[in-house]
There are 2 protein chains.
Amino acid sequence: METINAVAALSALAQDNRLEIFRLLVQAGPGGMAAGQVAEKLGLAPNTLTFHFDRLRFAGLVTVRRDGRSMIYAARFEAMNDLVSFLTENCCQGAQECAPVAVCKPKGAPHEAVSRARRRR
Amino acid sequence: METINAVAALSALAQDNRLEIFRLLVQAGPGGMAAGQVAEKLGLAPNTLTFHFDRLRFAGLVTVRRDGRSMIYAARFEAMNDLVSFLTENCCQGAQECAPVAVCKPKGAPHEAVSRARRRR
DNA sequence: ATGACGTTTCTATATTCGTTGAAGTATGGA
DNA sequence: TCCATACTTCAACGAATATAGAAACGTCAT
């Protein structure tokens, strides 16, 4: 992972609403969660939520797919693990007791989703 | 860890210079590094560096101690691990394959230091 | 005491960020 | 087709952030 990507991910998570959104998605697992459910759980206006989802998505931390009228957002666990690895890289000059470990490897893969691929406008 | 602390830590790391500073300290290990060395390695103005160190320190991510004319900064590995735990909490509804692990436990404890204790002004 | 060095504090400024309100765009049902 | 639902886009505003220059502070050697 490059510094610039790590900063993007950290910036995306460095905001209370977004952090809660992301943690909600992490807890939801690879299946994800509808935007509306998140809005209800956190009491956020829909446009505000879109703003935050966009930042998370742009940082590569979440994916989206449409399901009927709902948008289903899901955490990208790979990105989360990469971020942790980046932070702890070469910890303590590579001392054995500091070898970092991947933190989360869910079994079920998420549905094919939009992620950062098809950028609009 | 509370959300507010996690946001503070993430905000502190969500800036390229600070992220590099912190990674440098993580790689240096519990012994830490003089501010001057960091300034030289990253090519930052001394006042700018102080500004960033303050943010890291305020977020509980680093400690300082004085050594002669130099200030020695060191990463707080406990805070780093707490942050990772917080992010991955209840990952995938507690599925076994997602149980988070502590990422870095250096042996040598850092010197007693200033940390966030004695706030000036 | 004097001066050099390493670091911090103060002040100012341009930029970025989070939230809101209003309007717009897909999707599904009657 | 018409309407409700579920989100997204746009425009605007106050608040917070990163950096720079100048000055001050604490420590050490002489």
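Chain identifiers are assigned alphabetically (A, B, ...) following the order of the sequence lines, protein sequences preceding nucleic acid strands; residue numbering begins at 1 within each chain. Since the structure is predicted, the reported quantities are computational estimates derived from the model, not experimental observations.
Judged by closest nucleotide on DNA chain D, A:Gly36 is the one of A:Gly36 and B:Ser11 placed further toward the 5' end.
An OP1 or OP2 oxygen of D:dT17 is reached within less than 4.0 angstrom by no side-chain nitrogen or oxygen of B:Arg18. Phosphate contact (OP1/OP2 of C:dT8, side-chain N/O of B:Tyr73, threshold under 4.0 Å): present.
Atoms CE (B:Met71) and P (C:dC5) sit 19 Å apart, rounded to a whole Å. Taking atom CZ of B:Arg65 as the reference point, atom C1' of D:dT27 lies 16 Å away to the nearest angstrom. Computed from coordinates, the B:Leu13 CG to D:dT17 C1' distance equals 16 Å when rounded to whole Å. Between the CZ atom of B:Arg55 and the P atom of C:dT8 there is a distance of 15 Å, given to the nearest Å. In this structure, CD of A:Gln37 is placed 17 Å from P of D:dT5, rounded to the nearest angstrom. Rounding to whole angstrom units, CG of residue B:Leu49 and P of C:dT8 are separated by 8 Å. Between the CD1 atom of B:Ile21 and the P atom of D:dT19 there is a distance of 9 Å, given to the nearest Å. In this structure, CG of A:Leu56 is placed 14 Å from C1' of C:dG18, rounded to the nearest angstrom.
Residue contacts for B:Phe53: at a heavy-atom cut-off of 4.0 Å it reaches no nucleic acid atom on any strand shown. Contacts of B:Thr50 with the nucleic acid, taken as non-hydrogen atoms under 4.0 Å apart, include base atoms.
B:Leu61 has its side chain within reach of B:Phe22: a pair of non-hydrogen atoms, C-beta onward, lies under 4.5 Å apart. Between B:Leu13 and B:Leu56, some side-chain heavy-atom pair lies under the 4.5 Å cut-off. Between B:Val64 and B:Arg57, some side-chain heavy-atom pair lies under the 4.5 Å cut-off.
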- prompt: Could you run down nucleotides 19-30 of chain C 5' to 3' and tag each one B, S or - for protein heavy-atom contact under 4.0 Å?
  reply: BBBB----BS--
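Proximity of a side-chain donor or acceptor of A:Arg55 to a complementary backbone N or O of A:Thr50 within less than 3.5 Å is not detected. Distance alone, capped at 3.5 Å, is enough to place a donor-acceptor pair between the B:Gln93 side chain and the A:Ala28 backbone.
Under the disulfide bond (SG atoms under 2.5 Å apart) criterion, the residue pairs touching residues 19-95 of chain A are A:Cys91-B:Cys104, with sequence neighbours excluded.
Shown here are the ring pair (Phe, Tyr, Trp, His ring centres under 6.0 Å) partners of A:Phe77, two or more places apart in sequence or in another chain: there are none.
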